[in-house]
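In the text below, chain A, chain B and the rest are named by the order of the sequence lines, each starting its count at 1. Being a predicted model, the structure only gives us computed values, none of them experimental.
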2 protein chains.
Amino acid sequence: MAAPHRFNPDFTQSVINAMGPNTPPRTREIMTALINHLHDFTREVELTVDEWMAGVHFINSIGQTTTPTRNEGHRISDVLGLESLVDEIAHKHVNEAGEEPTSSSILGPFWSPNAPFRENGASIIQSPHQGEVTLMHGTITDLDTKKPIAGAVIDIWQASSNGKYDFQDPDNQSPNNLRGKFRCNEEGKYWFYCLKPTAYSLPTDGAAGALFKALDRHPMRPAHIHLMMTAEGYKPVTTQIYPRDDPYVSNDTVFAVKDDLLIDFTPRNGDSKAKLDLEYNVILAPRAGKTAPMEAVAHL
Amino acid sequence: MAAPHRFNPDFTQSVINAMGPNTPPRTREIMTALINHLHDFTREVELTVDEWMAGVHFINSIGQTTTPTRNEGHRISDVLGLESLVDEIAHKHVNEAGEEPTSSSILGPFWSPNAPFRENGASIIQSPHQGEVTLMHGTITDLDTKKPIAGAVIDIWQASSNGKYDFQDPDNQSPNNLRGKFRCNEEGKYWFYCLKPTAYSLPTDGAAGALFKALDRHPMRPAHIHLMMTAEGYKPVTTQIYPRDDPYVSNDTVFAVKDDLLIDFTPRNGDSKAKLDLEYNVILAPRAGKTAPMEAVAHL
């Protein structure tokens, strides 16, 4: 509950009470909490008229920065840690043995529903780049049985060596460059060529840029590869993996790094297509699997 | 402080700690409170990924509804009660005798800095309408001395009888229709012709419309006249006045009505220009006047 304050004690409830009888119960729950917190925030800092108006202009600037290929609302939400928090709330899972599946991380604004299926052994690199080609491979297994999951799908997307995704960079990248879906074989194995990822700055020419400046924050994300793993009968996992030696893994500007998502690239010999090797194994939890009480895993 | 929760207890502080050393102290104070409240809200309702994404789309829609003549961020803020709250925080004033100046209310998104000065006795009605013409008149006096304030300025703006302001309605209204500034004479008196105001709906074709629908709320404001009073040496007052018999004074969708802002229109006889009369007197507080502690006036 909020601390007592010196303003009209009935005002916030009057705003909440304006919700009509046909408001769905979950909407009512969410909006009651949101209105309470927004008003408590406003009273606690005694927000001035000028500060409030600056906030209004900032909110307007978010949608004005947004385009069909740029979701600035999503980005601002990430910069304030909200997507990572929602991800934590949604995806904590521990089985009865106390084991956890591969950690999830945020989706980010660059996933595409249109990425093509490619054959194992194919390359997602479709356009020129200055990166280091890597053979990424691994096995997707069941958290409880430890057995491989034949037919599991791994969807990968990543920025090119200039830090941009295909639809941010149509002059240099063809559609679906550095995107692809791969289906694991009978041994639960996948393998494909991709790039060692490059650290990049979030775009700073819009609302997020203004926020970084106001908060004296850098706009850098650590280098990362986005992954989304799905399999019939398993809880899907959306995540990101990060080179362990990237200087931004300890201060990611969207707060999405977890220790078990750090990866190591090693030299690859005897492959004319790739200089580097990356083994990355994935563990998925069965949908029917019991989820331990959150309290037990709060610090994992 | 927030209730204990079952999620990573260090996460919110890590987002706050990302603010750099050059963040201005007031920005740090505001953003610390905002991040704490946003995260507490998210955890309290255990916001799902789909609900969070719906929020992101809603935030984007605010700026996408906004145009040079339409400030949807301001409107959403009003619909959530934030402008009224900021107004309360900014403008509570009581003198040593326990007396208060004219109450303030919200500015709203339709004030214009370009309203022309007009002579007392002139009309702000410049375009055709279907309203009732009113002679509005009164005296502006000093809260402490009770003396009239010569030269005080009253800036009035109002919607036409179709519920629209000039810049929402360029086909029917000339610029500065139903806007004007008037300077009080030596006796602190002003007088001009305006319309009896008409209740109207906020625009429902944008983000605010979606919010009204989600919350099962009506979009109506009670009929009102906007006023801004200024005088050298006095605290300015921005306010709105409402016909006492309007059905929406008890459920204004932007929560801006206060009891002392209710007004009564009376028949006006012997004036070929106006059917109605409205006397409205204003009290301004000297800038140097002491402001009583907020606690003393929380329920006024």
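- Closest of all the heavy-atom pairs between A/Arg43 and B/Ile89 is CA-CD1, 4.0 Å.
- Here the closest non-hydrogen pair linking A/Pro109 and A/Arg75 is CG-NH2, 3.9 Å.
- Residue contact with chain A, scored on non-hydrogen atoms closer than 4.5 Å, involves the side chain of B/Leu211 exclusively.
- With a 4.5 Å cut-off on non-hydrogen atoms, B/Asp78 touches chain A through its side chain but not through its backbone.
- Partners of B/Ser77 according to the side-chain hydrogen bond (donor to acceptor under 3.5 Å, both in side chains) rule, which considers only residues two or more places apart in sequence or in another chain, are A/Trp52.
- Among B/Ile16, B/Ile30, B/Thr42, B/Thr32, the residue with the largest count of heavy-atom pairs under 4.5 Å with chain A is B/Ile30.
- B/Thr66 and B/Asn71 share no side-chain donor-acceptor pair at under 3.5 Å.
- B/Asp216 and A/Thr23 are not linked by any side-chain donor-acceptor pair at a separation below 3.5 angstrom, with hydrogens and angles left out of the test.
- Looking at B/Ile35, only its side chain comes within 4.5 Å of chain A, counting heavy atoms on both sides.
- Closest non-hydrogen pair, A/Thr204 versus A/Pro219, comes out as CG2-CB, 3.7 Å.
- Residue A/Met31 touches chain B through its side chain alone, counting heavy-atom pairs closer than 4.5 Å.
- You'll find the ring centres of A/His39 and A/His37 outside the 6.0 Å limit.
- Counting heavy-atom pairs closer than 4.5 Å to chain B, the top residue among A/Thr48, A/Asn22, A/Val79, A/Ile59 is A/Asn22.
- Here A/Leu215 is the residue among A/Leu215, A/Asn36, A/Leu38 with the most heavy-atom pairs under 4.5 Å with chain B.
- Neither the backbone nor the side chain of B/Asn251 comes within contact range of chain A; no heavy atom of the residue lies under 4.5 Å from a heavy atom of that chain.
- Heavy atoms of B/Phe11 lying under 4.5 Å from chain A belong exclusively to its side chain.
- In this structure, chain A has a heavy atom under 4.5 Å from the side chain of B/Glu51, while its backbone stays farther away.
- Contact count versus chain B (heavy atoms, under 4.5 Å) is highest, among A/His57, A/His74, A/Glu72, for A/His74.
- Side-chain polar atoms of B/Tyr200 and B/Tyr248 form no donor-acceptor pair below 3.5 angstrom.
- Among the candidates A/Arg28, A/Arg217, A/Met53, A/His218, the residue making the largest number of heavy-atom pairs closer than 4.5 Å to chain B is A/Arg217.
- Under the 4.0 Å criterion applied to side-chain N and carboxylate O atoms, B/Asp87 and B/Lys258 are assigned as salt-bridge partners.
- In terms of heavy-atom pairs under 4.5 Å with chain A, the best-connected choice from B/Thr27, B/Leu85, B/Val49 is B/Leu85.
- The most heavy-atom pairs under 4.5 Å with chain A, out of B/Phe58, B/Phe255, B/Phe212, come from B/Phe255.
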